[in-house]
Each structure stands twice: as C-alpha cells, then as structure tokens.
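One structure is given here, and the rest of the page talks about it.
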Number of protein chains: 2
Amino acid sequence: MKIRPPTIKDVAERAACGIATASRVLNGRGPASEKTREKVLAAAADLGFEFSDLGRSLQSSTTRTIGCVVPSLANPVFADVVQAAQAEANRAGYQLILACSDYDAELESRAIRTLLAKQVDGLIVTVSNADESEGLEQVRARGVPCALVYNRSCGDLPAWTVDNRAAAAAVAREFAARGHRHTGFLALEFGRSDRSRERFEGFAEACAALGMAPPVLLEIAEQEGQLLELLRALLSANRDVTGIFASNDYLALAAMKAARGLGMRIPRDLSIVGFDGISTGLMVEPNLATVVTDPRAMGEGAARTVLAQLAGETPPAGPDPARTFSFRQGGSLGPPAPGSTDGGEAATSPPSRQ
Amino acid sequence: MKIRPPTIKDVAERAACGIATASRVLNGRGPASEKTREKVLAAAADLGFEFSDLGRSLQSSTTRTIGCVVPSLANPVFADVVQAAQAEANRAGYQLILACSDYDAELESRAIRTLLAKQVDGLIVTVSNADESEGLEQVRARGVPCALVYNRSCGDLPAWTVDNRAAAAAVAREFAARGHRHTGFLALEFGRSDRSRERFEGFAEACAALGMAPPVLLEIAEQEGQLLELLRALLSANRDVTGIFASNDYLALAAMKAARGLGMRIPRDLSIVGFDGISTGLMVEPNLATVVTDPRAMGEGAARTVLAQLAGETPPAGPDPARTFSFRQGGSLGPPAPGSTDGGEAATSPPSRQ
DNA sequence: ATCGAGAATGGAAACGTTTCCATTTTCGAA
DNA sequence: TTCGAAAATGGAAACGTTTCCATTCTCGAT
C-alpha cells in the first residue's frame, strides 16, 4: 500500500494557482501576494505536502548527496571516519550514501561506479590501492569532487591520512630506546591494505637505521574464528622476537591475549605496540602502548574538503603530517627481560637497562 | 570542472536513432535490429555513457535506495547492524543512505523526514522510543516499508530485536545462582534508550522473583571524558552491591577498569556482567561475562524484511525471541567474597582484601 | 480617465529516463 | 508482384521540480 505522495501540482490545483506560483511561495523566493501565499501554504498543509528531492535533483543536477566508501565498519577507525563525515555532511545539508568494500578492490570499484550513477555530488573514499584504482579513474573522468581518507594523496586527489611511515618510525625508536633488537610486524591481510604496507616499510627502515635486526613479517591470511590459534602458532615460532608492532590495535589486543595464553608475561616476555589508539586499548591490563590517531578528524576533514569544493570555496589544507599521530605509552611496552634470546646473531653486549 | 555526463539523448544522436530505440538497446529489452544495436552500443561506448539513476528514479518513482537510521556508529553493535544491512541491501541492488541520530529523538525524526523526502524505498531504523516517534508517524502515513532494529515491535512495524527482558532475567538468575543479593544496574543515558529501560525492568522483576534486593539504578548522564571518574564515584558510593549488570559491554568494561582503579578485585569484590557480546569482552582479563547477541543477524534480518516487502514477497518472520541471545560465562562473574557486605546497608566490616 | 511602472501570475521548457502507441520497414508466403 | 503480419522504429507523454519569460494586474501619478 504505497501511497502516492502529493506533488506540487496537487498543491497548485488546490490553491487554484499556477505551479510556478506554488513553487515560489513554498520556496520563499520570488514575488507573491499575501493572499495567494496564504492559499498555497494552507493547501500544502492540508495535503501534507513535502518536496520530492527527485524532481529537484533532476532539475538542478545536484543531489545533495555524498558517497562514502570504506573497507568495513567493523574496524572502529572507519566507523569513526564515517560517523564524523556523516555529521559534517549533514551539517551542510548533505546525506551520506554508504558502501563497504570489505577490503576488496573489485567491490570498491563497483561501489564507486554505482555511487557515480546515483549522481552523488562528491565522494569520500578509502581504497586498498589508490594508485591503481579503476574506480578513482572514473571519478577523475567525471570531475566529481573526491577526498581520500587513510590513503596517501594520489595525483590531484586530496587526502586525509596519518603519516604511516613516520608513525612506524616512532614506534621503532620506542622499541630501540628500551633495548629491543628483534621485533616482528604483525599484519592481517597484509596484501590488501597499503596502510599496512606503509607501516611495515616505515618500521623496517627505521629499524635498520637504528641498528636493529630487520623486523620479521608476521602475516595472518584470514581471520576465520581461529585468530587466536594462528597468533599462538606465530608467537611460538618466533620466540626470539622481544617486541611486536601490530598493524592495528585490534590485532595487538588479540596478540596480547594469545601471548598470555602461551604463558608469556607482558611486557616482560613480549612487548606489544598497536596502531590506531582505539579506546579498548585503555581497558585492558596492562594498557596497550600504541600510535594514537584521530579518525574523526580525518573523516571530518575529508568531508569539509569535499563540501568546500562543492560550495566553490577553497578547500582546507590537508592535515599537518606531523600532527596526525602521537605515541601513547602503555604497560604493554617495556624493556625485554634480561634472559630473553636477545643476543641473536648480532648484538653481543646486552642493552643497558634502567 | 564538473563534466556534464553524456545522456541517452547524446547516444541516440550519435547512433542516429531515436531515444526510445537507444533506451531499448541499452536496457536489453524490446526489439532492435542487429544493425542498430551495434550502432547504439558503439556510440555508448565511445561516449562512455552511463545511465543516470535520477531520470530513472523519477520515471519509475523508485530509487533503489534504503534509508538507515541508528543512534551511533561508535557502538560496535550498530556498526555491525549497519554493515550487515548494507551488505544485504547491496546484494539486492539497493544502496543504503545512512543517518546517525546521536540518541536524539529530534535528530531522529529529522533524519527520517529527510530520508523520506529523498524518496527512499524503504527504511531500517532504531529509534529511542518506538511508541512516540514522530518520524515513524510519517513513515506509516507514507506507507513506506520499514523495519525496526533493536526496538520492540510497535504497531504494525516489524522488528528485529533481542528479548531484552528475558535476557536481563537470565542475568539475574546467574547472579542469584552465585549468591548475589545486592546488585546494581549501570546505564548511560538511561532516559534515551528504551533498550536500557527494558533491560532494567526485566532485571528488576527477575531479582524480585528470585528474592534478591531490588537492583540499584546506577545512572550516568554524560560521558564527556570523565567516564572513569564518574564510575569510580558511583562504585565507591555503592560498596554494598556485589554485582553489577551493565546495559552494554562498553560500560561494563569501563566499570571493570574503574573497579580495578579502586583496588577492587574482580570477581571477588565485584562481579560484572555486560550486554551485547562485543569481541573486546574476550580480550580483557578476566573475560567479561555477558549476554551475547547477534547484531549482524538483526541488521540482515531487518534488511531482508524490507526488501521482501519491496519485492512484494512475504517477509520473513522476525527472530525467535528465545534465540536472540545467549549468556556467556566469563571470569568477571563469580560468587561474592564471603566477607562482603552481603547483609544490607548496615555492614560494618570493610570488604576483605587478599 | 489614462498611462506606465512594477508586482503578480502562470505557461512552458528543461532535466534524463521509460514506455505507450502509431508509424514505417522488412520479409516470407501467396 | 502483392499482401499482410511481424518486427523495428521514433515521437511524445509522464515523472516532480525550477525558472525564464510573456502576460495580466494593481496603483499611483498625471
């Protein structure tokens, strides 16, 4: 029982005036005598008239709608991004159309295409690989305003992201300062996220520069349920690493749990550092040391960039890279235990302890 | 530099045929000679033509779009609901337009109205009070298919939700079985969520039936940063309760942390039970005992219900109330310490510490 | 009373589709 | 060759707006 909602034509008819007049009155622009104004308003009220955005959009070729593509909402980082972007868009009278790509480049492109067909006025997007995204091609071809989030700036597209390499380097320094020499980088679906790759590369570089052993890449392919078992296996197989840098907090927390299950004590037997700064990190004991970022600021900034372009204003500058992250100390990071297999193939003298 | 995308008219012109013919070819329905088919297809390819959903929607008065209103994406429960609903809608060729109400009835209604103006074909909604939502009024007036999520069914609107009262009663039984008699119910923004209210009522009723003292309502108004301090104050002021049932897991975890900060040991000095079953509950030590629910199933079910209505099929039955939750044991729930002030407000001896 | 300026009004086109229907074309059978 | 049926085609209306522009009103000034 779908009701046909009243149109402006119905209103005009009931108010015994032309459509153009009704439109002017209802929109509050253009001249109209007091008498007709009242008639129109009354008619609209009687009918419970509401404009249909469809006709409007068609005529103005503007939908007041922004498309948003993120990998997943299960990661609180992206949930925050979306929520912030949504709020900001709303404030400017825009709605957000959401699509989740599930970290799949194919779905990503399809989503972008669909959004474009829906005539979104702008786009806010996180892609798995900004440099070779077929979807972004189309966006450029159409000249639709678009901002990247958590992707490095790519071509002419503005980007709101953290400086992954610098942040990873900071983590390396924290490890080094405490005397760690053998570390691991823990990633889920490594291949599917250039964020992960950047963090690993930045970390590896810094480790080298700091005279540490190259970090071993601990990669987990799928997360089907047995994440913990996989982690346990990984940890058991790499007893010589004294510190683990996880590519996100969730993974870091899981690693903490797995390590505990193995009877390891944190940070004595294993130090763990995360990435993102989600609030859960503060709920566990010991607190998770991590790189804290500000997803809301990213989402909001991206939205503002797009909205400014739509309004013909000059968009805000992207974030200051150095301010996009900060390191948060936490009990999960400490010096390795004296007895740990620190010596490895290189270092001979144990690093000094406080 | 917004490009005017090519329209079907451009294609027709280039293919030297009528618009109607081009439409038929491009849509693959209706007769067309092989020759023209080729010409049209070639023209479309040359121009990079893509249909605009706008004209289509106007003409079919269908947008293949579903509106979705949830309180917030910061709560993983709703993030899951949205993600699942989005996936299901996508599968059927629908897009999701998202709005967050921030637990505010006013915003809620506004969002619904906007979505309706955008001519969404259906709605998936979580409201703060289903019985007196002005927005839902409008929905009914317009006859737009709509499903409620995490709200009790209201009037004719189908709902996908957990049986809050039954679940709360189960929690009460768990407390009772371990000898707790004085419990508290912890809620954030109690007034803004009928979910919270239902849980409290179900809990209180069951406590009474089990011969326990009426649970004290521990309410927190705002969460501006100092959530932990507020919790600490609340806990300190209610030393006689031996068990706390939190209206959601996040709150429960925060309470665990606050209690630890107060030197209390869990579950010896205080047992804590949450609600929702978010995965973080398994990352902390001890694990959080909680009512686990299935937000994805709810979101997916709601989407299916709406989609079925749109397709003219008979919608699936709602969830079986008894299956909407299950209790998960966890280390955060245990018997109260023997020395605890079980006897009532009069207790004189300080809680024993190890 | 007449005129003209400015206000008020409504018809119609345009936005991009789909679809009805009338017209034209094609082609096989007589 | 002619006829008729079926296939192919394109004009036009409709969907709900906004807006241009031409027309009609209203009034004050002459």
Side-chain angles (χ1 to χ4, degrees), chain A residues 2-41 43-44 47-65 93 114 116-121 142, chain B residues 2-41 43-44 47-65 93 114 116-121 142:
Chain A
K2 179 74 160 300
I3 278 68
R4 190 186 75 89
T7 74
I8 199 173
K9 198 181 291 184
D10 299 324
V11 174
E13 198 166 314
R14 189 170 231 264
C17 71
I19 294 180
T21 305
S23 172
R24 273 188 301 255
V25 171
L26 261 11
N27 282 297
R29 55 169 149 273
S33 73
E34 196 50 41
K35 206 179 43 175
T36 33
R37 186 183 309 279
E38 277 167 17
K39 275 196 307 184
V40 170
L41 258 20
L47 262 31
F49 170 80
E50 297 269 357
F51 279 112
S52 159
D53 278 352
L54 239 57
R56 260 186 185 174
S57 294
L58 185 55
Q59 124 71 38
S60 63
S61 59
T62 238
T63 54
R64 298 199 80 77
T65 265
T114 310
L116 249 20
K118 273 224 163 354
Q119 312 279 105
V120 293
D121 293 337
R142 286 272 287 268
Chain B
K2 179 74 160 298
I3 278 67
R4 192 186 74 86
T7 74
I8 199 173
K9 197 181 293 182
D10 299 324
V11 174
E13 198 167 312
R14 189 171 234 265
C17 70
I19 295 180
T21 306
S23 173
R24 273 188 302 256
V25 171
L26 261 11
N27 283 296
R29 55 169 147 273
S33 72
E34 196 51 39
K35 206 178 43 169
T36 35
R37 186 182 310 279
E38 277 168 18
K39 275 196 307 180
V40 170
L41 258 19
L47 262 30
F49 170 79
E50 296 269 358
F51 279 113
S52 159
D53 278 352
L54 239 56
R56 249 179 195 183
S57 293
L58 185 56
Q59 123 76 33
S60 63
S61 61
T62 237
T63 54
R64 298 199 82 77
T65 263
T114 310
L116 250 19
K118 273 222 162 358
Q119 313 278 106
V120 294
D121 293 338
R142 286 272 288 269

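First the proteins, then the strands, lettered A, B, ... as listed; each starts at 1.
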Item to complete: Quick one: list whatever passes side-chain contact (heavy atoms from CB on, under 4.5 Å) with S33(A), sequence neighbours left out.
Response: K35(A), T36(A)
Worksheet entry | Side-chain heavy atoms of P5(A) within contact of E50(A), under 4.5 Å | no
Fill in: Protein-nucleotide distance (E34(B), atom CD; dT25(C), atom C1'), rounded to Å
17 Å
Fill in: Atom pair distance, as rounded to whole Å: CD in Q119(B) and C1' in dC15(D)
10 Å
Worksheet item: What's the CG-P distance between D121(B) and dC15(D), to the nearest Å?
Response: 18 Å
Practice prompt. Describe the nucleic acid contact of A20(B) in one word from base, sugar-phosphate, nothing, applying a heavy-atom distance below 4.0 Å.
Written response: base
Worksheet item: Of the non-hydrogen atoms in A43(A) and V11(A), which two are nearest, and what is the gap between them?
Response: CB-O, 3.9 Å
Discussion item. Testing the basics here: between F49(A) and T7(A), what is the closest heavy-atom pair and its distance to 0.1 Å?
Written reply: CE1-C, 3.4 Å
Worksheet item: Which of these nucleotides, dG16(D), dG10(C), dA8(C), is closest to any side-chain atom of C17(A)?
Response: dG10(C)
Item to complete: Return the minimal non-hydrogen interatomic distance between I8(B) and I19(B), and the atom names on each side.
Response: CG2-CG2, 4.0 Å
Response to the item:
From CG of L26(B) across to P of dT19(C) the rounded distance in Å is 14 Å
Worksheet item: Do R64(A) and D53(A) have side-chain heavy atoms sitting under 4.5 Å apart?
Response: no
Item to complete: Return yes if some donor-acceptor pair links the side-chain N/O of S57(A) with the main-chain N/O of T62(A) below 3.5 Å, else return no.
Response: yes
Worksheet item: Taking all atoms of both residues into account, what is the closest heavy-atom pair of A32(B) and R37(B), and its distance?
Response: O-NH2, 3.2 Å
Fill in: Options dT17(D), dT9(D), dT17(C), nucleotide nearest the side-chain atoms of T21(B)
dT9(D)
Worksheet item: In whole angstroms, how far is the P atom of dG10(C) from the NZ atom of K9(A)?
Response: 15 Å
Practice prompt. Please round to 10 degrees the angle between the axis of the first five pairs and the axis of the last five pairs in the helix from dA1(C)-dT30(D) to dA30(C)-dT1(D).
Written response: 60°
Discussion item. Quick check on contacts: within residues 47-59 of chain B, what sits under 4.0 Å from DNA chain C by heavy-atom distance?
Written reply: F49(B), E50(B), F51(B), S52(B), G55(B), R56(B), L58(B), Q59(B)
Worksheet entry | Student check: side-chain heavy atoms of R24(A) and P31(A) closer than 4.5 Å | yes
Worksheet item: Can you name the closest pair of heavy atoms from V40(A) and C17(A) and give their distance?
Response: CG2-SG, 3.8 Å
Worksheet entry | side-chain contact (heavy atoms from CB on, under 4.5 Å) involving T65(B) - partner list, sequence neighbours excluded | K118(A), T63(B), Q95(B), I97(B), V120(B)
Considering only nitrogen or oxygen atoms on both sides, find all protein atoms under 3.5 Å from nucleotides 26-28 of chain C and state each distance.
none

Practice prompt. Check the distance between dG16(D)'s C1' and R24(A)'s CZ and give it to me in whole angstrom.
Written response: 17 Å
Item to complete: Using the test side chain to side chain donor-acceptor pair (under 3.5 Å), find all partners of R4(B) that sit at least two apart in sequence or belong to another chain.
Response: D10(B)
Worksheet item: When all nucleic acid strands are considered with a 4.0 Å heavy-atom cut-off, which category describes S23(A): base, sugar-phosphate, or nothing?
Response: base
Discussion item. Regarding S60(A), tell me which of base, sugar-phosphate or nothing describes its non-hydrogen contacts under 4.0 Å with the strands shown.
Written reply: nothing
Worksheet item: Whole-Å distance between dT18(C) C1' and I19(B) CD1?
Response: 11 Å
Discussion item. Students often get this wrong, so: under 4.0 angstrom with heavy atoms, is R37(B) touching a base, only sugar-phosphate, or nothing?
Written reply: nothing
Fill in: Interatomic distance, I8(A) CD1 vs dC15(D) C1' [rounded to whole Å]
14 Å
